[in-house]
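A quick write-up on the structure given underneath.
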2 protein chains.
Amino acid sequence: MDSLTEENYIKSIYALSQATGEVFVSELAKKLNVKQPSVNSMMKRLASKKVVSYAPYKGIRLTEKGKKEALSIIRRHRLAELFLVKVMELGWEEVHDIAEQLEHVDSKRFYSRMDEMLNFPKFDPHGEPIPDSNGKIHTQKRTSLSELVEGLTAIIAAVGEDEKSFLDHLNAKGLQIGDAVTLKKREPFDGSVTLQHKSKKEILLTHQVAERIWVE
Amino acid sequence: MDSLTEENYIKSIYALSQATGEVFVSELAKKLNVKQPSVNSMMKRLASKKVVSYAPYKGIRLTEKGKKEALSIIRRHRLAELFLVKVMELGWEEVHDIAEQLEHVDSKRFYSRMDEMLNFPKFDPHGEPIPDSNGKIHTQKRTSLSELVEGLTAIIAAVGEDEKSFLDHLNAKGLQIGDAVTLKKREPFDGSVTLQHKSKKEILLTHQVAERIWVE
DNA sequence: TTAATTTGTTAGAACAGTCTAACTTTTTAA
DNA sequence: TTAAAAAGTTAGACTGTTCTAACAAATTAA
């Protein structure tokens, strides 16, 4: 078993390696708010536990074992976030810090019940995929309205936010889940988008709103 | 702020002092599964933090500050247990270990939402009172199965003990919180009781067990 | 290509929390 | 009332996690 601290290192290494594949000591130190020697000594420990492969002056890389552990932590974090938003109705901006603590709870049952209650969700409230209990990630990335190609038509599949004010806003714009929309134009300046709706009406959404709407 | 370890010491001191008022180093060491010198050095620390009053060879006693902290931890533990049972529908015998972890989560919002969702409960699933957010405890008499009048039917509201072996025992007998039971007979000789259960089965409990079950 | 900068390392200290071994004080019982 | 047992303490060590100071390697820019 890993300590809480080790889990945080593993999670951060995974997150940073998503972009680059390899992680630098300095990056990790910055992310975790510790100094480089702390990272250095932790890498020695994690290497001896075979969760990272690490040689002096070479980058840090998770082993297969390490990746598995990272995915398990990420699963717990994302399930917790979704649970806090959907079941406990907390604001999506306030759940991160709580999920950061809940992710370290050691109890298979706790998480399997969350999973059940949320009906085995594939994505967290931010649209990030939730690994399943075997560490498998549903890789088909979700597309948000803010990244849809101009001219294409898509169906609104979900919104990444359940807040009443947000849903009210969409309602006021005349948008519903299941509606087909065509992306007429995206403003390069502020990322706002103009949609053609089935109702023939044109709808303007800010980037902030568009990026929280998932389409298929 | 207290560390997780400090919180566990404070909680245990409170629990042990409920009976006697004063706690011995050896008691506490046993309860926390550590050796006496560990308790000794922790007492020095907690004394310097003014959460216990402690002088060599004298007993350990929580200060007002310490009591307040203990009640806050106990509140979090009991809210968590009730939440796990009522909202997450976990078995009452499996929630203790999870609550033991959740009680250390640092987030007012998390607990105030639990409290709201549970409609500001006064007792946890074991019938223990839940301190309110100011540390006030609602004391109110409860009836145990061992004092229920013969022939009456009641609903199992709570059990007064957290031990897994006890909860397992009840489970094995087929008893759950919320079950209706009718008291068929109480043996004057040993105080054991025979219950008629909703499942039509008759269940025999010893006095020792019956007095730890609260009914409504 | 050398010098400056960035990045990474080692050595050594500190703190939290634990332990064992040895000792002291208090309590209990012969 | 004194000897044995129980309870409590101190000293010193160890692990996990962090730090600062000093040095070494790699990268970047002059």
Side-chain angles (χ1 to χ4, degrees), chain A residues 1-17 19-62 66 69-70 73 100-101 103-104 106, chain B residues 1-17 19-62 66 69-70 73 100-101 103-104 106:
Chain A
M1 242 306 86
D2 301 312
S3 71
L4 188 149
T5 314
E6 287 167 344
E7 288 199 344
N8 284 333
Y9 272 91
I10 293 169
K11 191 176 52 141
S12 295
I13 294 168
Y14 184 90
L16 291 173
S17 70
T20 51
E22 232 178 25
V23 178
F24 301 102
V25 171
S26 51
E27 270 184 305
L28 194 48
K30 200 170 182 184
K31 172 127 183 163
L32 289 165
N33 273 309
V34 296
K35 304 295 176 183
Q36 296 185 163
S38 306
V39 172
N40 186 268
S41 67
M42 184 56 92
M43 288 314 101
K44 286 176 181 170
R45 170 149 15 145
L46 291 182
S48 84
K49 283 186 148 197
K50 308 255 185 266
V51 321
V52 303
S53 65
Y54 170 73
Y57 296 104
K58 305 283 178 266
I60 300 159
R61 212 175 261 279
L62 287 173
E69 290 178 21
I73 301 161
E100 202 77 6
Q101 299 179 67
E103 75 192 10
H104 302 292
D106 178 23
Chain B
M1 241 304 88
D2 301 311
S3 72
L4 189 150
T5 312
E6 287 167 345
E7 288 200 343
N8 284 332
Y9 273 90
I10 293 168
K11 190 174 55 140
S12 294
I13 294 168
Y14 184 90
L16 290 173
S17 70
T20 51
E22 231 179 26
V23 178
F24 300 103
V25 170
S26 51
E27 269 183 304
L28 193 47
K30 200 170 180 183
K31 173 126 181 164
L32 289 165
N33 273 309
V34 297
K35 304 296 176 183
Q36 296 186 164
S38 307
V39 171
N40 186 266
S41 66
M42 183 57 90
M43 288 315 102
K44 286 177 182 169
R45 168 144 20 140
L46 291 182
S48 82
K49 283 186 150 196
K50 308 255 186 267
V51 319
V52 303
S53 65
Y54 170 74
Y57 296 104
K58 306 279 180 269
I60 301 159
R61 210 176 263 279
L62 287 173
E69 289 179 22
I73 300 161
E100 203 76 7
Q101 299 178 67
E103 75 192 11
H104 301 293
D106 178 23

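Note that these values count all heavy atoms, side chains included, but never hydrogens, waters or copies made by symmetry. Everything numeric in this text was worked out from a predicted model, so none of it was measured.
For the pair A:Leu28 CG and C:dT7 P, the computed distance is 14 Å after rounding to whole Å. Note: CD (B:Gln36) to P (C:dC23) measures 17 Å, nearest angstrom. Regarding B:Lys31, its NZ atom lies at a distance of 20 Å from the C1' atom of D:dA7, rounded to whole Å. What separates NZ of B:Lys35 from C1' of D:dT9 is a distance of 16 Å, to the nearest Å. Rounded to whole Å, atom P of C:dT27 lies 9 Å from atom CZ of B:Phe24.
Both A:Thr5 and B:Val25 sit near DNA chain D, but only B:Val25 has its closest nucleotide nearer the 5' end. Each of A:Val34 and A:Lys58 has a nearest nucleotide on DNA chain D; the 5'-most of these lies closest to A:Val34.
Not one N or O on the side chain of B:Thr20 forms a donor-acceptor pair closer than 3.5 Å with the backbone of B:Ser17. In this structure, the side chain of B:Ser38 does not engage the main chain of B:Val34 through any donor-acceptor pair within 3.5 Å.
Pairs of residues two or more places apart, or lying in two chains, that qualify as salt bridge (Lys or Arg N to Asp or Glu O under 4.0 Å) and include a residue from residues 51-62 of chain B are B:Glu22-B:Arg61. Sequence neighbours left out, the pairs with a member in residues 7-17 of chain B that pass salt bridge (Lys or Arg N to Asp or Glu O under 4.0 Å) are B:Glu7-B:Arg76, B:Lys11-B:Glu100, B:Lys11-B:Glu103.
Listed by residue number, the members of residues 6-13 of chain A with any heavy atom below 4.0 angstrom from DNA chain D are A:Glu6, A:Tyr9. Within residues 41-50 of chain A, the residues approached by DNA chain C to less than 4.0 Å at the level of any non-hydrogen atom are A:Lys44, in residue-number order.
Using a 4.0 Å heavy-atom distance criterion, B:Ser38 is classed as a base contact.
Counting non-hydrogen atoms of other residues, nucleotides and ligands closer than 6.0 Å to NZ of A:Lys30 gives a total of 12 or fewer.
OP1 or OP2 of C:dT9 has at least one side-chain nitrogen or oxygen of A:Asn40 nearer than 4.0 Å. Within the structure, every side-chain polar atom (N or O) of A:Tyr57 is placed at least 4.0 Å from both OP1 and OP2 of C:dT10.
Between A:Tyr54 and A:Leu46, every side-chain heavy-atom pair lies at or beyond the 4.5 Å cut-off. In this structure, B:Asn40 and B:Lys35 have side chains that are not in contact, with every pair of non-hydrogen atoms separated by 4.5 Å or more.
Residues passing the side-chain contact (heavy atoms from CB on, under 4.5 Å) test with B:Ser3, sequence neighbours excluded: B:Thr5, B:Glu6. For A:Glu27, there are no salt bridge (Lys or Arg N to Asp or Glu O under 4.0 Å) partners at least two apart in sequence or on another chain.
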